[in-house]
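Sequential numbering from 1 along the given sequence is applied to the chain's residues. Computed from a prediction, not measured in an experiment: that's the story for all the values here.
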Amino acid sequence: MRRPLIGVTTSVKTGWRVFPFIAFGVWLAGGRSIRWSAGDEADAASVDGVIVGGGDDISPELYGGELVTTAVLDPARDALEAGLVAQAFGLGKPVLGICRGSQMLNVALGGNLHQDAYSHYGARKHSTLLPKKDVQVVDNTRLAQLAGTAPMRVNALHSQAVDRLGEGLVVAARDPSGMVQAIERVSEPFALGVQWHPEYLTYARRQRALFRALVAAARACCEDRAQLEEVSNEALKP
């Protein structure tokens with residue numbers, strides 16, 4: 001059986017160095033990847049699942065917030081990813097959000113963000129690809145089923161974080177300050193957003209599990225589509 005194809009969104013400027021790490025995580029999980037950036041003809045109908053990658057801040061215009069002077073924005077990418085998330089859900093295809101991607105998942109479903117999350121929570125800011133931040137996975141969540149509920153040591157590069165949850169989402173992990181570190185959709189299709197960067201932690205079993213879950217959901221979607229096509233082809237035979 002072919003490997004499910006995952007569409008991965010990245011920054012135009014830095015995606016060339018980020019995408020290989022995400023693609024490797026997807027490959028380890030049994031999938032294959034294609035990279036999309038602002039300006040590309042991205043179409044969720046052409047893939048079996050979507051990963052919204054990390055990068056610049058999301059414009060507060062998408063959720064009615066006020067712009068802060070420290071924000072670094074990419075409106076074209078905002079539009080691309082918001083449209084892809086909506087399209088993927090409309091087609092019943094799974095989505096994994098990484099850092100900015102987790103925030104986009106929340107915003108696309110009607111939620112908003114803390115633009116300066118560390119100041120809001122009075123928390124120590126981490127800015128490292130090394131696993132130096134602790135998060136606590138919430139019990140009875142999909143993330144808990146995938147990675148267990150033991151404290152998880154992760155990396156962190158973000159300044160924004162989820163505030164009000166989008167429709168159909170629940171919190172799946174927090175850090176010790178209470179800041180949201182993961183969200184997930186309570187119904188199908190599969191949707192999980194993590195505030196850290198698992199693509200740089202694929203040596204860890206619990207991080208590989210995130211990619212495996214996405215690819216497994218994409219494979220199920222792919223198989224369902226193949227079955228429908230087979231039924232349709234049979235019906236068209238004379």
Side-chain angles (χ1 to χ4, degrees), residues 6-29 31 33-38 50-58 70-74 77-78 81 95-106 113-137 143 146-148 150-162 171-184 192-215:
I6 308 299
V8 181
T9 66
T10 68
S11 164
V12 171
K13 295 180 180 179
T14 62
W16 63 271
R17 66 172 180 257
V18 175
F19 175 73
F21 289 95
I22 298 178
F24 181 62
V26 170
W27 182 264
L28 288 176
S33 305
I34 182 173
R35 177 189 168 196
W36 290 327
S37 297
V50 172
I51 292 178
V52 183
D56 294 333
D57 297 330
I58 294 171
T70 55
V72 179
L73 307 180
D74 187 345
R77 187 179 176 190
D78 287 346
E81 292 175 342
V95 177
L96 173 64
I98 295 175
C99 196
R100 167 197 163 92
S102 179
Q103 299 162 12
M104 178 56 75
L105 176 61
N106 189 61
L113 305 175
H114 291 300
Q115 292 188 68
D116 189 353
Y118 285 95
S119 293
H120 177 82
Y121 285 95
R124 174 191 173 192
K125 185 172 183 178
H126 293 77
S127 185
T128 175
L129 290 177
L130 300 176
K132 292 188 175 183
K133 180 173 183 174
D134 291 320
V135 300
Q136 182 61 57
V137 179
L143 179 59
L146 296 173
M152 183 184 290
R153 183 60 68 97
V154 300
N155 50 25
L157 293 174
H158 65 98
S159 57
Q160 299 186 333
V162 167
V171 174
R174 295 184 185 271
D175 70 12
S177 74
M179 190 188 306
V180 175
Q181 294 297 311
I183 57 175
E184 62 185 43
L192 172 66
V194 296
Q195 194 61 77
W196 60 91
H197 288 264
E199 70 271 30
Y200 299 118
L201 304 171
T202 51
Y203 57 83
R205 174 186 55 81
R206 300 172 78 188
Q207 305 304 323
R208 294 195 301 272
L210 308 183
F211 291 105
R212 286 200 304 271
L214 174 75
V215 171

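- A donor-acceptor contact shorter than 3.5 Å links the side chain of Arg208 to the backbone of Tyr203.
- Note that the CG atom of Leu129 and the CG atom of Leu157 stand 5.0 Å from one another [nearest 0.5 Å].
- What you find for Ala156 and Tyr118 is that their closest heavy atoms are CB-OH, 4.2 Å.
- In this structure, CH2 in Trp36 is found 9.5 Å from CD1 in Ile6, a value given to the nearest 0.5 Å.
- The main-chain N or O of Ala29 is never found under 3.5 Å from a side-chain atom of Arg212 such that the two would form a donor-acceptor pair.
- Between Gln181 and Met152, the closest side-chain pair of non-hydrogen atoms is not below 4.5 Å.
- Side-chain atoms of Glu81 never come within 3.5 Å of backbone atoms of Met104 as a donor-acceptor pair (strictly under, hydrogens ignored).
- Between Glu184 and Leu143, the closest heavy-atom pair is OE1-N, 3.0 Å.
- Here the side chain of Arg35 pairs no donor or acceptor atom with the backbone of Val8 at under 3.5 angstrom.
- Considering only heavy atoms from C-beta on, Asn106 comes within 4.5 Å of Leu113 through its side chain.
- The two residues Ser102 and Ile183 have their closest heavy-atom pair at O-CD1, 3.5 Å.
- Counting heavy atoms from C-beta outward, Gln207 and Val194 have side chains that stay 4.5 Å or more apart.
- Taking the six-membered ring where the residue is Trp, His114 and Tyr121 present perpendicular rings, their angle passing 60° and hence far from 30°.
- Side-chain contact between Val180 and Gln195 is absent, with no heavy-atom pair separated by less than 4.5 Å.
- Under the 4.0 Å criterion applied to side-chain N and carboxylate O atoms, Arg77 and Asp56 are not assigned as salt-bridge partners.
- The backbone N or O of Ser37 lies less than 3.5 Å from no partner atom in the side chain of Thr10, so there is not a single donor-acceptor pair.
- At a threshold of 4.5 Å between non-hydrogen side-chain atoms, the residues Phe21 and Thr202 do not count as touching.
- The shortest heavy-atom contact between Arg206 and Pro151 is NH1-O, 3.2 Å.
- Using a 4.5 Å cut-off on side-chain heavy atoms (C-beta onward), Pro131 and Val154 make no contact.
- Annotation: side chain of Met179 is in contact with side chain of His158 (closest heavy-atom distance under 4.5 Å).
- Among all heavy-atom pairs drawn from Val18 and Tyr200, the shortest one is CG2-OH, 3.7 Å.
- Taking each heavy atom of Leu214 and Val50 in turn, the nearest pair found is CD1-O, 4.0 Å.
- Asp116 and Lys125 are not joined by a salt bridge, as no carboxylate oxygen comes within less than 4.0 angstrom of a charged side-chain nitrogen.
- Side chains of Glu199 and His197: a donor-acceptor N/O pair is present below 3.5 angstrom, by distance only.
- With values rounded to the nearest 0.5 angstrom, Gln136 atom CD is found 11.0 Å from Asp175 atom CG.
- Summarising the geometry, atom CD1 belonging to Ile98 is positioned 9.5 Å from atom CG belonging to Leu192; distances are rounded to the nearest 0.5 Å.
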